[in-house]
Amino acid sequence: MAQRKKPAVARPPTAQRLPLPAGAQLRQLQRHLLSWFDRRKRALPWRKTRDPYRIWISEVMLQQTRVAAVLPFYERFLARFPTVRALARAPQEAVLEAWAGLGYYSRARNLQRAAKEIVRKHRGRFPQILEDALALPGVGRYTAAAVLSIAFDAPLAVLDGNVARVLARLGARRGDVRQPAMWRRLQSAAEALLAPAPHGTPGAWNQAMMELGATVCTPRAPACGECPVARFCRARAMGLQEQIPGKRPKRAPVDVRLAAAVLLDPLRRTLLVLPEDGAGNGLFSRMWQFPALEVGSGAEGALRRHLRESLALEAAECVALPAARHTVTFRRVTLLPFLVPVEELPEVRRPRAAAGDSTRIALADVERWPTSSATRKIARAALRGVQAAFRFPH
Ligand code: SF4
């Protein structure tokens, strides 16, 4: 009789693919790093708590944003939304307003969607099970591991850009750390380093690795002389710390021209609209924006057509204002604002337009509204244009 195949047994993660310390050496490395972290860690407000909600907020804010930029927002946001329930029941406008200035507004929207789910499915408590955390909107492997390890001591290793760089240097692994196969290898290595940690909690270990990458093992000019794990570092031994990790190939820049209509009524109020579902682009982050569209060479004609089709507005005048430059990742955007004086601001006419799809506010107040930086640039250009060149009819 044919023998049944034994089911494959999941092997524990090992650091074999990356030549990292193991056994007694690894325990030494852990001791050195944790004791350094204990002495040198920055006193950051989210390090004073084990409340998963507060840790979660900090982790989301810190994505693609520097610590110094997050600090003024963190306490203010928590004062306004002190609990998951408070965040879940707040109007979205209020959440976006508290987020204004941090950028990447999809993070704020996902935070609130996740808060609602936590209230609905988990009785207002951040889930402790990895799969449940991963099912929340906007919560990926990194955020889940960070929150669960710091708040609940779950043995989950975090891997972010800082940790990836530290690991690549410790193991002298060249190449682009964001390349998927490399990232998977680094994730295994991060887990292998975390798994046998008898000297500290997973949360402390994860934070120590991130802190090392953020403050000592920096992208440029790492301070190897001050590094608590320098003696275990292969990149340093080989003099390769400046070359590892390899540079990411840069995406070729793409030029984009965007025409925007700054409608202005006799009370100097303007119209902002919300993009329809799925129509948001990276420029306006699905935030309040001026009616706008991407254009080729005939910007004014295209904008007039857009106003006719989307707002049933025949613009009598369309005054070109000075262009503004804006860069979003690989896109070099030329913003072309046009001032369009109107007797009355139009209504938004969409098949499924809902109350709140458009708003009328003083042009001077756009800066204080939850808008993207591109919209604020257009508003500033328009204000300058109104003051300097445009004779507004009285
Ligand atoms: Fe980074 Fe230098 Fe420390 Fe190696 S020795 S981990 S390169 S700071």
Side-chain angles (χ1 to χ4, degrees), residues 57 60-74 76-77 80 91-112 138 250-251 253-264 268-276 278-295 299 303 306 320-340 356-388:
I57 298 293
V60 175
M61 284 188 171
L62 286 164
Q63 286 163 19
Q64 291 156 310
T65 312
R66 289 172 305 108
V67 167
V70 165
L71 283 171
F73 288 91
Y74 179 71
R76 223 165 39 218
F77 191 91
R80 206 152 164 197
Q92 191 188 60
E93 279 306 299
V95 178
L96 295 177
E97 197 188 316
W99 200 268
L102 273 173
Y104 300 100
Y105 289 87
S106 55
R107 293 181 296 172
R109 283 197 198 85
N110 279 336
L111 257 185
Q112 194 181 31
K250 265 199 177 166
R251 196 165 166 178
V254 174
D255 288 313
V256 176
R257 282 160 55 84
L258 204 110
V262 181
L263 308 187
L264 204 60
R268 301 212 168 189
R269 293 179 310 174
T270 191
L271 181 87
L272 296 182
V273 295
L274 272 182
E276 289 175 88
N281 60 39
L283 281 181
F284 298 116
S285 315
R286 292 189 56 223
M287 307 286 291
W288 291 105
Q289 58 185 255
F290 293 106
L293 83 162
E294 206 174 315
V295 292
L303 188 61
H306 180 63
L321 297 169
R325 302 249 172 241
H326 188 70
T327 305
V328 184
T329 56
F330 59 93
R331 284 183 291 183
R332 290 185 305 216
V333 186
T334 305
L335 298 169
L336 303 166
F338 286 84
L339 199 59
V340 181
D357 278 355
S358 68
T359 189
R360 296 142 194 236
I361 59 168
L363 179 58
D365 286 343
V366 173
E367 290 267 1
R368 290 194 285 277
W369 207 249
T371 53
S372 70
S373 56
T375 296
R376 291 198 289 275
K377 271 186 192 170
I378 295 169
R380 281 197 288 274
L383 272 174
R384 277 197 302 274
V386 170
Q387 285 153 5

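Note: hydrogens, waters and symmetry copies are ignored here, and every other heavy atom, side chains too, is used.
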side-chain hydrogen bond (donor to acceptor under 3.5 Å, both in side chains) against Arg80, all qualifying residues, sequence neighbours excluded: none

Gap between atom CG of Leu303 and atom CG of Leu258 - 0.5 Å precision: 9.5 Å

Lys377 side chain to Leu335 backbone, donor-acceptor under 3.5 Å: no

Residues which pass salt bridge (Lys or Arg N to Asp or Glu O under 4.0 Å) with Glu367, listed by chain and number, not counting sequence neighbours: Arg380

Atom pair CG/CZ of Asp255 and Arg331 - distance to nearest 0.5 Å: 12.0 Å

Closest approach of Leu383 to Ala364 (non-hydrogen atoms, all atoms of both residues): CD1-CA, 4.0 Å

Heavy-atom side-chain contact between Ile361 and Arg269 under 4.5 Å: no

Phe73: ring-ring contact (aromatic ring centres under 6.0 Å, His included) partners, not counting sequence neighbours: none

Reported CG-to-CD distance for the pair Leu102 and Gln64, which is rounded to 0.5 angstrom: 11.5 Å

For Arg257, side-chain hydrogen bond (donor to acceptor under 3.5 Å, both in side chains) partners two or more places apart: none

Closest non-hydrogen atom pair, Gly138 against Asn110: CA-ND2, 3.8 Å

Shortest non-hydrogen contact between Pro291 and Leu271, atoms and distance: CD-O, 3.7 Å

Validation row: Thr65, Arg107 side chains within 4.5 angstrom (heavy atoms): yes

Side-chain H-bond candidate by donor/acceptor type, Glu93 with Trp288, under 3.5 Å: yes

Side chain Thr371, main chain Trp369, donor-acceptor under 3.5 Å: yes

Nearest non-hydrogen partners of Ala381 and Leu321, listed with the distance: O-CD1, 4.3 Å

Pairwise side-chain contact, Leu336 with Val295, heavy-atom cut-off 4.5 Å (strictly under): yes

Side-chain heavy-atom pair Met61, Phe77 within 4.5 angstrom cut-off: yes

With sequence neighbours excluded, residues passing side-chain hydrogen bond (donor to acceptor under 3.5 Å, both in side chains) with Arg360: Glu347

Minimum side-chain heavy-atom gap Leu363-Val262 below 4.5 Å: yes

Pairwise side-chain contact, Arg332 with Arg325, heavy-atom cut-off 4.5 Å (strictly under): no

Exercise: identify the closest heavy-atom pair between Ser373 and His326: OG-CE1, 3.2 Å

Gap between atom OG1 of Thr359 and atom CG of Leu274 - 0.5 Å precision: 9.0 Å

Any donor-acceptor N/O pair, Thr270 side chain to Leu264 backbone, under 3.5 Å: no

Test side chain to side chain contact (heavy atoms under 4.5 Å, CB included) applied to Phe290 and Val366, step by step: CA-CA 10 Å; Phe290 293 106; Val366 173; 4.1 Å; yes

Rounded distance (nearest 0.5 Å) linking atom OG1 of Thr375 with atom CG of Leu272: 7.0 Å

Val95 versus Ala108, closest heavy-atom pair with distance: CG1-O, 4.1 Å

For Gln63, side-chain hydrogen bond (donor to acceptor under 3.5 Å, both in side chains) partners two or more places apart: Thr143

Non-hydrogen side-chain atoms of Leu62 and Val67 separated by less than 4.5 Å: yes

4.5 Å side-chain heavy-atom contact, Ser372 and Gln289: no

